[in-house]
J.: 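The structure that follows is given in the form of C-alpha cells.
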Amino acid sequence: MYREALREAIDEEMARNDLVFIIGEGIAERGGSYKVTEGLLDKYGSLRVRDTPIAEAGMIGVGVGAAIAGARPIVEILYVDFAMLGMDMIVNQAAKFRLMTGGDGRVPFVMRTQGGTGGGVAAQHSQSLEALFYHIPGLKVVMPSTPADAKGLLKYAMRQDDPVMFLEHKHLYMTKGMVPDGEHIIEFGKGDIKRSGTDVTLIAWSNMIPRSLEAAAELAEQGISVEVIDPRTLVPLDREMILQSVSKTKRAVIVQEANRRGGIASDIASIIQEEAFWDLDAPVEIVAGLDIPVPFNLTLEAASVPQKPDIVAAVKRCIHQDNYSAAAE
Amino acid sequence: MYREALREAIDEEMARNDLVFIIGEGIAERGGSYKVTEGLLDKYGSLRVRDTPIAEAGMIGVGVGAAIAGARPIVEILYVDFAMLGMDMIVNQAAKFRLMTGGDGRVPFVMRTQGGTGGGVAAQHSQSLEALFYHIPGLKVVMPSTPADAKGLLKYAMRQDDPVMFLEHKHLYMTKGMVPDGEHIIEFGKGDIKRSGTDVTLIAWSNMIPRSLEAAAELAEQGISVEVIDPRTLVPLDREMILQSVSKTKRAVIVQEANRRGGIASDIASIIQEEAFWDLDAPVEIVAGLDIPVPFNLTLEAASVPQKPDIVAAVKRCIHQDNYSAAAE
Amino acid sequence: MAKKSSASNAYSREFLEKIFRTAHKIRVFETEGIKLYRQGLIRGYFHPYLGQEGIATGVCAALSEGDYIASTHRGHGHCIAWGADVKKMVAELLQKDTGYCKGYGGSMHIADISVGNLGANGIVGAGTPLGVGAALANQIRGSDAVTVTFSTDGATNNGTFLESLNLAAIWNLNYVLVVENNQYAVSTPIEESTREPDLYKRGLGIGVESHQVDGNDPLAVYEIMRQAVETCRKGKGPVLIEAKTFRHMGHHVNDPGKYMPEDRLTYYKQRDPVDRARKALKDMSDISDGEIDAIEAEIAAEFEAAVEFSKNSGEVSIEDFRAFAADY
Amino acid sequence: MAKKSSASNAYSREFLEKIFRTAHKIRVFETEGIKLYRQGLIRGYFHPYLGQEGIATGVCAALSEGDYIASTHRGHGHCIAWGADVKKMVAELLQKDTGYCKGYGGSMHIADISVGNLGANGIVGAGTPLGVGAALANQIRGSDAVTVTFSTDGATNNGTFLESLNLAAIWNLNYVLVVENNQYAVSTPIEESTREPDLYKRGLGIGVESHQVDGNDPLAVYEIMRQAVETCRKGKGPVLIEAKTFRHMGHHVNDPGKYMPEDRLTYYKQRDPVDRARKALKDMSDISDGEIDAIEAEIAAEFEAAVEFSKNSGEVSIEDFRAFAADY
Ligand SMILES: Cc1ncc(C[n+]2csc(CCOP(=O)(O)OP(=O)(O)O)c2C)c(N)n1
Ligand SMILES: Cc1ncc(C[n+]2csc(CCOP(=O)(O)OP(=O)(O)O)c2C)c(N)n1
Ligand SMILES: [Mg+2]
Ligand SMILES: [Mg+2]
C-alpha cells in the first residue's frame, strides 16, 4: 500500500543515515493521521521521531534551519492547506538559500504532506496547491501516484540536496500496488508511461492517474488509444517524455485536480504548444477543477474536480477537434 | 505620478466612506516607504491610518476579519515577498469565506503591496508573485502599469466586495502620466490597448508595459506593428480583448517579469492556444524571468528578467516562426 | 480580580434557566449529532464540544446583541450559545441547501455574519486574527461592541496568537480571547507542547490583562467574562481568559481518545458543566424537577424537528453551484 | 542570576584585546562601508550596526568553534564578530564574485555555512526558526554546539518568535535567542508596537529562562551569554537574552533617522560600546596607548586592503549565472 511504501522509504532512510529525522503533528506515538509513520517512534526513538505543537510556520522553519545545518529533516504537514502558514519559510528561505549563498548553501529539506479532495473535508482541507510550489524556483515538486513511485521518489528525495515538496494524496494512502524489492530509488525528472497508446497523449499526476487510467480503459473499448504519462515529479519535469509522446500522437490532454486558472496544466500546455506547435493536430485540452474553493457537499465536491466522464469527453473533444474546427472554418 | 495617483484614490475613498481605513508598517507618520500614504494621517487621523508592528500574518488577518465584519480595510505590505507570511489568511480565509458561507459572507479586503526587481534589493525583496494569487479562486489580482490605471483600479477595488491583491511595482512609483479629472474609476476585467498594431499581439502588465512599449516602438521602426495589450486586472482577465486581438494578428507574445515556470504567461498562453488554435500562425511566445531567485548583483539582476532586447527578439521569432518552421519541416 | 461577589442570589431564574438551556442544548446537539454521524448522515469532520459546554455558555451569556464571535473547528457549541437556529445547523451538517452555508461549508465553517458570527474555522488559530479584525472594524465605526474569539490550547503555540493579540493590545480593542484549554491537541497532551501549561501567562508577557478560570463552571466563566466585557467597554481591552476544561471523548467522532488518562477524564466528568448548570438552576431558583424535565423535552423536540426539517430539505443544485463558480 | 562575579581582574589582556578588536572592527567596517555606499559603490540595502557593536562582540566572545549563529538584515556586525573575512564581506557588498555569496546575495544575505554562520536575512524574524533548526540538527547529531540567533525588537511581535522559541523550549535545545532591542523598527518606536517594552518577559510566558542586559556593555553581554551557554550545555536551554541598545543613526544608510529623540541618542552615545571596550582594555590590562593605536591602524589597513581586493576582483559572469539558473 501507498502508505506502507512511504513508511518503508522513511524507515530505510532512517536506518541508513542517522541525520534523517521526522517531525510533525501526532506522527510519533499516534503514527500520523494517515498512519505513514506508525512504528517509527519505537524503532528510532523520540530524538528522531517527534511530535510538534500546531505551529506549521515554526515546524517548517526549523526543518529548513536543520537542513541548512546539515541534517536531513522530513517535516510532515497534515494537509497541504496548512503549508500556507509556512509559505515564507518555503518561498523566501528554503527555495532561495542556495542562490543567496552563491551556491554553497544547500537545503536538503523534505516537506511531506497531502492534498486533494476526499470525503467532505471542505474548502480548507481539500486543496491541490502544487502550482504554488511549482512556480517558485528552487523547489522540487513530487507527486507520486503509486506505491512504487511513492517509495522510490521519497527515498531519492531524502538523499538529494534541494528542498522537496513531497505531495501525497489523501485518496491514495490505501492504494495497493507492487513495490520492487531491494533498494528501489527513482530519480527526479523521469516520467513514467502508465499506459502506452497512439492516439492521444494524456498527462496527469497523483490521484488523477488512476482516474485517467480508468478513462483510458473506457476509451480503449471505443477504439481510442490513449497514452497516459505520469511525470511523477513536476519539478523537474520530464519534458522530453511528454514532447516525444506528443510528436507521436499529435494530441495532448492534461488532467489536474487543482482548479484550472494558473495551474500546472496551463504551464505544461504552454510548453507543448511552444515546443510542438507544428506537430499538434488540435489544441491541448485541459481538464481541471473549477475555479472555486472545494465545497463541503459531496455531490458538489465531486462536481468541482475532474471525474472520469470529464476526462473521456476531453479526449474525444481533442480527437475530433480538427475535423470539427476545420469544418467550422 | 503613480504614487500620487494611488494616494488620491485612497484619499478620495476615505473621504467618501468612513469605513475605509489603512494599516501598514510606517505608513502613518512616515507616509510609507514609497510615500503613497503621505498626508493621510493628518487628514484622517490615527484611528483610520495606523502603523503596525512587523506582523504580516497578523495585519493581513485582522484586515480580513475587519472586512468580514463590514469595514473596508487596505493593508499595505511593504514587499509582496512578505505577503508569504500571511498566505494562510489570504488563501484559506479571504479567498474562501464567500464559498464557505454559501455566498453570504463577503470580504471587501484590499492588500496593497509592491513587487519586482529594482536596485539590487536581492532575492527576498524582488519577487513578482502574482501567479500565486492568480491560482487561488476568490482573489482578484490587479497590476496597474500607469498612474491613471492605478487610480481608477484602486478606487474600484475599494468599492467592490471581494479580496483584492493590488500589486504595484517598485519601479513605477515615480512614473508620470495623465490622470483623468473627476471621478475616475476603472472596472475590473477590462483590458486596455496601450498601443494598437496589426502584426503581433503583445500581452504584458505592470512594469513590463513601459518596457514592451519601448520594444514596440523599436519594432515599428523596423516595420513590425505590435499591438500591446495590458489586461490591468489578471483576475478577472479580459479574455475577449486578448482573443480578439489574436484573431486579428494571428500571433501572440506574452511578457512577464516573473520567472517562466508556472507563471501567468503560461496560463494566458494555454487559453490562447485553446481558444484560438486555428487562428495562430505561430506558437505563443513567452518572455519571462529566469527560473532562479533574483540575484543581488545589478548586472545579473537585469539578466534575470526580460529586457527590451529580449522582447524585441521574441516578437521577431514569433513573426518568422512559421516560415522558419515550415522550412524546417 | 473579581470586582463583585457573585453571590448565588444574584442570578435570576430566567438567567439560570438560560444558562442551563444553552448548556443542555449543546449537549443534546452533540450527542444526537454523533448518532447521525454514525448513521452515515453526516460526513467530513465532526469535533464534539462535549465536556466544554460551560465555556460557550458562560461567555455568550455575558455578551449582547451587536457583539461578535469567532470560533474554532470545534464550533457547534459556540454557535448554539450564540443563539443559532438548530435547524439550519443540522441542515448544514446534512449538506442541505437550507443549511447555514447552503451545504457548501459544513461543520467547520458554519457562520452567520448577519448576527456577528464570524464562523467556525478549519485552520487552528485563524479565529484570533479574524476576531481582532472584527474588533478593529467596530472601533473604526465607533461601536462599543465586543468581539470574542473562542480559541484553543493548541492555537496558543501558533504565531497568530502573538501577532493578533499584540495588535489588539496596542490598539486597545474591545476584544476577548477565550482560550479553551482542554489540555489536548488531538492526541498530544499540553505538557508536550509547552513548558508553561498555564496559558494565560502568555498574555501577561505582552501586557494583556489575563485570567484563568474553571471552564467547567458556567457561572464562573460568566463572571469573569462579564468583567472582561466591562474592561473592554471602558476602553481597556483586550482581555485574555484561559478556561481549563477537558473533552468527554476523542478529538473527533472517530477518535476513541484512548490516550486520555482515565483519572483526569473522571475528574472532569465529575465536574460536568451541564450538570453544574442544572444544579445551579435547581439550587438557586424555585424551578421544579418537572419544569426542568419540560425544558429537556422541549430541547429534544427542537433537535428532532431540526433533523426532520433537514431530511425534508432539498438537495443542493449542481447548476447553482456551477453558476456560483463562474462568478467566483 | 549572575553565578560568578565578573571582577575586572578576571579578564586576560588577550581577551580584552579581542573584545576591543571586534567591536572596533565592526565600527570601522560600518563607518567606511557607509562611505563606499555614498560613493555609489554599494547598492541595495545597507543597515548599519553602529551603536550595537557591544552585542555581537559580547555574544560571540562566549561562543566556540562548532557553534552556530543566525543573523538579521542588520548583520555585518554579527559576521565580523563571528570572525568573517572582511575581504569577502566587502567583495560581496561590491557585487563581486569573490564575495561570500559570489555577489548573488549582498548585504542582507551574507552567510558562511562552512563555519556555522547561517547568514543574514532579509525577512525580519526568519533567523529564529532557522537558528532553532540548527540547534535541532546539533541535538540530532549528538553535538553540544550552541546556536545563537541574533534577533530584533521588531521580530518579537512576529509569530516566528513564539513558534520557534516554544519548539526550542519543549525540546530543550542548546539555543540562545539574543533580542537586540534598539527600540525602533525603522521609524516606529517600540512603545507603539507593544504594551510591554521589556521584551524578555515574552520568554517567561512560555517557560524560557530569560534575561535583560545592557547591550552597550560588551562585557556584561559576554557574562550573561557565558551563563546562557552553560545553561544550554547542561541541557537546560534555551535561553532568551534581551540586550537593550540604540542605533547611532537611521534605519539604513539613506534614513536620516530624524524621528530618533536627541536625548536618547545622546544617552546611548555616551555609553558607546566601542568606547567601553577600549576603556575596559585600557583599565583592566597593561596595554599602552601606542599599542591601542597600532591595533586601530591594523584594522584600518585590513579594511583598506579589503576594498582594494574587492575593486580588483573580477566581475560576475552572466554565463555562469545562466548555467547556475539552468541547474536551479
Ligand atoms: C493550522 C492547522 N494545523 C493543524 C490542523 C489539524 N488539526 C485540527 S484540530 C487539531 C488539534 C487542535 O487542538 P486544539 O487547538 O487544542 O483544539 P481542540 O481540538 O483541543 O479543541 C489539529 C492539529 C488544523 N486544522 N489547522
Ligand atoms: C517580514 C518583514 N517585514 C518587513 C520588513 C521590512 N523591514 C526591514 S527592517 C525593518 C525594521 C526592523 O526593525 P527591527 O526588527 O527592530 O530591527 P532593527 O532594524 O531595529 O535592527 C522592516 C520593517 C522585512 N524585511 N521583513
Ligand atoms: Mg485542545
Ligand atoms: Mg529594532
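Just so it is clear: chains get the letters A, B, ... in the order the sequence lines come, proteins before strands, and each one is counted from 1.
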J.: So how far is it from I206(C) CD1 to K201(D) NZ, rounded to the nearest 0.5 Å?
T.: 13.0 Å
J.: For S164(D), is it the side chain, the backbone, both, or neither that has a heavy atom closer than 4.5 Å to a heavy atom of chain C?
T.: neither
J.: What distance do N157(D) atom CG and L167(C) atom CG have between them, rounded to the nearest 0.5 Å?
T.: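 Here the rounded value is 8.0 Å.
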J.: With a 4.5 angstrom heavy-atom cut-off, could you sort out which part of E191(D) is near chain C: side chain, backbone, both or neither?
T.: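 Neither part; nothing is under 4.5 Å.
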J.: Examine distances only and state if a side-chain atom of E163(D) and a backbone atom of G159(C) form a donor-acceptor pair shorter than 3.5 Å.
T.: yes
J.: With respect to chain C, which residue among N158(D), T156(D), L199(D) yields the maximal number of heavy-atom pairs within a distance under 4.5 Å?
T.: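 So the answer, after comparing N158(D), T156(D), L199(D), is N158(D).
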J.: State, yes or no, whether a side-chain contact exists between N166(C) and R202(D) at a heavy-atom distance under 4.5 Å.
T.: yes
J.: Got a donor-acceptor contact below 3.5 angstrom from the R195(C) side chain to the I170(D) backbone?
T.: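 A pair under 3.5 Å: no.
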